[in-house]
Each structure stands twice: as C-alpha cells, then as structure tokens.
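Since the model is a prediction, treat every value here as computed from it, not as a measurement. Along the sequence shown, residues are numbered consecutively beginning with 1.
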Amino acid sequence: IMHMMALANIPMVVLFGPTSAEKFAPKNKFTKILDSKIIHKTKDIFEKIGFSIVYVKKEIDGFILNRLQGALLNEAVKLYSEGYASADHIDSTVRNGLGLRWAFMGPFETIDLNAPGGIKDYMQRYGNMYLNMEKNNKILPDWSETNAIKLEKERREILSTDQLLKRAQKRNDMLKSLRRLKKDLKLLYLSISSILYVLSFSPFDYKVFIFFSLAFLFHSLEKLSIKN
C-alpha cells in the first residue's frame, strides 16, 4: 500500500505496530511514519489536515488497498487473457464506469445505495449471483510473460514508452485536482445547505438576496467543474 500510493504523491499516514515493515516504507516528504501506539493521539490531527486513516485490525499480506486492487487486477487479467475484451475496453469500464463512483464512495456504500432497502437488501438480492461467480472461478489469472508481452503491445499502441513519464505526471496532477475538487464541492454543498435552511425561515426581502447568493454559488460550481 505504501509504495503504490507514495508513487502518486498522495498524502498518507503509515502506522507500524510490532512488525519489521517500517524498512519497506518509501522515504519522501509525503509519507509520515508513526508507531501504532500513538494512533489514537494523532487521528484527529491528521484528519483535520486532510489525511485518511484506515485501521487494519490484523496483519494480512497486502493489507487493504493492495488486496482490493489485486482482486480487480486478477479479474481484469483473466477477462483479457480469456479473450472477453481488449485491455483498453477493460480500462474504459473502470475509467468511465466503476471508477467514477469509486472517486467518492467505496464498495459497501455503493451497494448500500444500489438496492431500495440498503446493503442487506442488496446482499439478499444479488449475493447468490456473486457467490456463483466465485465458485465458477476456477481459472487462475495469467500473469505469464507471454500475456505480459501481449498487454505490453496493446498498451504501447495507445501510449508509447517515451510518453510514460509524462502521462504519470499528468496522473499525479489529476489526482491533486480531484482531491481539491472533492474538498471544494464539500464546502459548496455545506454552504448551499445552510442557505437553503435560512431561506425556509426568511422574510421575502431576504429571500431575494439569498436567491442571488444561490445563483452565484451555482455559477461558481460550474466554473469549478470546467477548471478541474
């Protein structure tokens, strides 16, 4: 998890308990290494400056982020190697589909909103379908050099080797913009909610003023969306 996130210069906190994992942490200004004994003392501080903290309750290979990414990667490699779709179309499914919601919600919140009765309702409706997918999933993902060569060829037709560094930098810039956008949208949402609340109790003269304030806020939102 550390190296994957640090390569994209995403602020994070790496907390170590009684393990020797500290030696694997990347050494850069974006990574803070703390002993897990002081996690509860620092939680509020880091949340206030925009860091996200994930509690890993017990040790497991890959921790949380790498295991979630690994599950998606393994399925993507299988779908590709079995000939179900091209590499770019599989990327597009995430880029223009799942990834849009994953920018602001996780898998459990997603399914909680995808059934009328919430997450329990979703699991009752679709649980067997996903279980059957897993039971029928008897083929291991093809991480062989042969498959890697095929994927390399497809990717280089889309993005040449000499453009990799430039694209990686663009990715980093886009991630920073996305973080700013999420923060700005949250503040804008709170502002609109507050104005609407005041509007419900205000006399007519104030309502006119608040109407134009809302118009200004929505105009700002439109400019913000275009900018980012």
Side-chain angles (χ1 to χ4, degrees), residues 1-8 10 12-19 21 24-25 36 39-40 43 47 51-155 158 171 174-175 178-179 181-182 185-186:
I1 181 172
M2 300 167 267
H3 287 284
M4 295 289 184
M5 301 299 279
L7 285 172
I10 296 176
M12 62 178 172
V13 181
V14 181
L15 298 151
F16 293 101
T19 71
F24 299 111
S36 60
I39 182 171
H40 294 291
K43 174 180 175 290
E47 285 183 344
F51 284 74
S52 293
I53 295 177
V54 175
Y55 293 112
V56 183
K57 295 182 178 180
K58 55 184 178 180
E59 198 160 334
I60 186 173
D61 289 345
F63 300 102
I64 306 298
L65 186 145
N66 285 344
R67 292 189 74 86
L68 289 172
Q69 178 171 257
L72 179 62
L73 275 173
N74 280 333
E75 188 62 32
V77 169
K78 280 189 281 189
L79 290 170
Y80 174 77
S81 61
E82 292 294 307
Y84 290 103
S86 68
D88 189 53
H89 283 186
I90 292 170
D91 273 353
S92 179
T93 302
V94 176
R95 182 172 61 238
N96 300 313
L98 293 171
L100 295 177
R101 67 186 69 178
W102 286 348
F104 59 91
M105 65 173 65
F108 292 131
E109 185 179 0
T110 296
I111 66 172
D112 194 31
L113 302 178
N114 279 359
I119 192 167
K120 182 180 177 184
D121 184 18
Y122 187 96
M123 294 178 75
Q124 290 171 342
R125 288 169 182 257
Y126 306 111
N128 285 334
M129 178 185 72
Y130 288 111
L131 275 175
N132 288 332
M133 282 186 193
E134 193 64 24
K135 287 176 183 176
N136 296 329
N137 206 358
K138 304 187 186 303
I139 301 172
L140 288 174
D142 184 2
W143 287 87
S144 68
E145 184 173 357
T146 301
N147 204 35
I149 290 170
K150 284 176 60 183
L151 274 166
E152 175 75 13
K153 186 175 181 231
E154 278 196 36
R155 283 297 305 157
I158 297 169
R171 172 206 61 196
M174 290 173 74
L175 285 170
L178 180 59
R179 285 176 58 85
L181 179 61
K182 288 174 68 174
L185 287 175
K186 183 177 180 181

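Using a 4.0 Å cut-off between charged side-chain N and carboxylate O, Asp142 and Lys150 make no salt bridge.
Taking all atoms of both residues into account, the shortest heavy-atom contact from Lys78 to Pro141 is CG-CA, 3.4 Å. Residues Glu109 and Met105 come closest through the heavy atom pair OE1-CB, 3.3 Å. Nearest heavy-atom pair across Ser86 and Glu154 is CB-OE1, 3.8 Å. For the residue pair Ala76 and Ile90, the shortest heavy atom distance occurs at O-CD1, 3.7 Å.
Under a 3.5 Å cut-off, the side chain of Asn137 and the backbone N or O of Met133 do not form any donor-acceptor pair. Without hydrogens or angle criteria, Lys120 side chain to Gly117 main chain gives no donor-acceptor distance under 3.5 Å.
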What's the verdict on side-chain contact (heavy atoms from CB on, under 4.5 Å) for Val54 and Phe63, showing C-alpha distance, side-chain angles and the deciding distance?
CA-CA 10 Å; Val54 175; Phe63 300 102; over 6 Å; no
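Side-chain contact between Asp88 and Arg95 is present, with at least one heavy-atom pair separated by less than 4.5 Å. The shortest distance between side-chain heavy atoms of Arg101 and Pro107 does not fall below 4.5 Å. Within the 4.5 Å cutoff, the side chain of Glu82 has heavy atoms near those of the Ile139 side chain. Annotation: side chain of Asp112 is not in contact with side chain of Tyr122 (no heavy-atom distance under 4.5 Å). Residues Thr110 and Trp102 meet the side-chain proximity criterion, which asks for heavy atoms closer than 4.5 Å. Tyr130 places none of its side-chain heavy atoms less than 4.5 Å from the side chain of Ile111. Using a 4.5 Å heavy-atom cutoff, the side chains of Trp143 and Leu73 are in contact.
Atom CE of Met174 has 12 or fewer neighbouring heavy atoms from other residues, nucleotides or ligands inside a 6.0 Å radius. Residue-environment remark: CG (Asp61) stays at or below the threshold of 12 foreign heavy atoms within 6.0 Å.
With rounding to the nearest 0.5 angstrom, the NZ atom of Lys153 is 12.0 Å from the CD1 atom of Ile158. In this structure, CG on Leu65 lies 7.0 Å from CG on Leu68, to the nearest 0.5 angstrom. Here Asn66 contributes atom CG and Ile60 contributes atom CD1; the two are 11.5 Å apart, rounded to the nearest 0.5 Å. Once rounded to the nearest 0.5 Å, the distance linking CG of Leu131 with OH of Tyr126 reads 15.0 Å. Distance check: Phe108 CZ to Met123 CE gives 7.5 Å after rounding to the nearest 0.5 Å.
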